[in-house]
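Okay, structure first, notes after.
As the structure is a computational prediction, the values presented were derived from the model and not from experiment.
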Amino acid sequence: MKEIINTIIVLIAITVLSSGTVFAYNSNQVAKVSMVEGTYMPGSAFFQLSGGQCGWYKWLPHGDTEEKRLINVKTIYSSLMTALVSGRSVRVYTSPIPNSDQCSVEYIHFL
């Protein structure tokens, strides 16, 4: 019985581990913020990176209520402005937006 349970656990582990990548982004990069666009606030934050792979990077707010989404995008916007002024780098995890020069930012780390 113990062998059967161990075999089942191994099969489940193999199935889970071989099921493919679960990340929601296509690429990541480290660069400095070169411009922050405030026109689309508070709905989203657009910014550019020096030497970036995309023309524009778009942060879409996260949160389960409108209030939380507004707080989220304002927080990211102010953090991007801080990175711009201080010259600090960011790491962004992105997915391309079809038929545009934009990338959707899934995650951002301020370095």
Q.
Do Ile76 and Val105 make a side-chain contact, defined as non-hydrogen atoms from C-beta onward lying under 4.5 Å apart?
A. no
How many angstroms lie between [atom1] in [X] and [atom2] in [Y], if you round to the nearest 0.5 Å?
| X | Y | atom1 | atom2 | result |
| --- | --- | --- | --- | --- |
| Asp101 | Gln53 | CG | CD | 13.0 Å |
| Trp56 | Ile97 | CH2 | CD1 | 12.5 Å |
| Glu37 | Tyr57 | CD | OH | 16.0 Å |
| Thr75 | Leu80 | OG1 | CG | 11.0 Å |

What's the shortest heavy-atom distance between [X] and [Y], and which atoms?
| X | Y | value |
| --- | --- | --- |
| Cys103 | Pro96 | SG-CA, 4.1 Å |
| Leu60 | Ser104 | CD1-OG, 4.4 Å |
| Ser50 | Ala31 | O-CB, 3.4 Å |
| Ser44 | Lys58 | OG-CE, 4.0 Å |
| Lys68 | Gly63 | CB-CA, 4.1 Å |
| Arg69 | Asp64 | NH1-C, 3.6 Å |

Q. Between the main-chain N or O of Val92 and the side-chain N or O of Gln29, is there a donor-acceptor pair closer than 3.5 Å?
A. no
With hydrophobic residues grouped by side-chain heavy-atom distances under 4.5 Å, do [X] and [Y] end up in a single group?
| X | Y | answer |
| --- | --- | --- |
| Met41 | Val36 | yes |
| Val73 | Met81 | yes |
| Phe110 | Phe47 | yes |
| Leu49 | Leu84 | yes |

**Q.** ring pair (Phe, Tyr, Trp, His ring centres under 6.0 Å): pairs with one or both residues in residues 27-46, sequence neighbours excluded
**A.** Tyr40-Phe46
Q) Partners of Ser89 by side chain to side chain contact (heavy atoms under 4.5 Å, CB included), sequence neighbours excluded? A) Val30, Lys32, Leu111
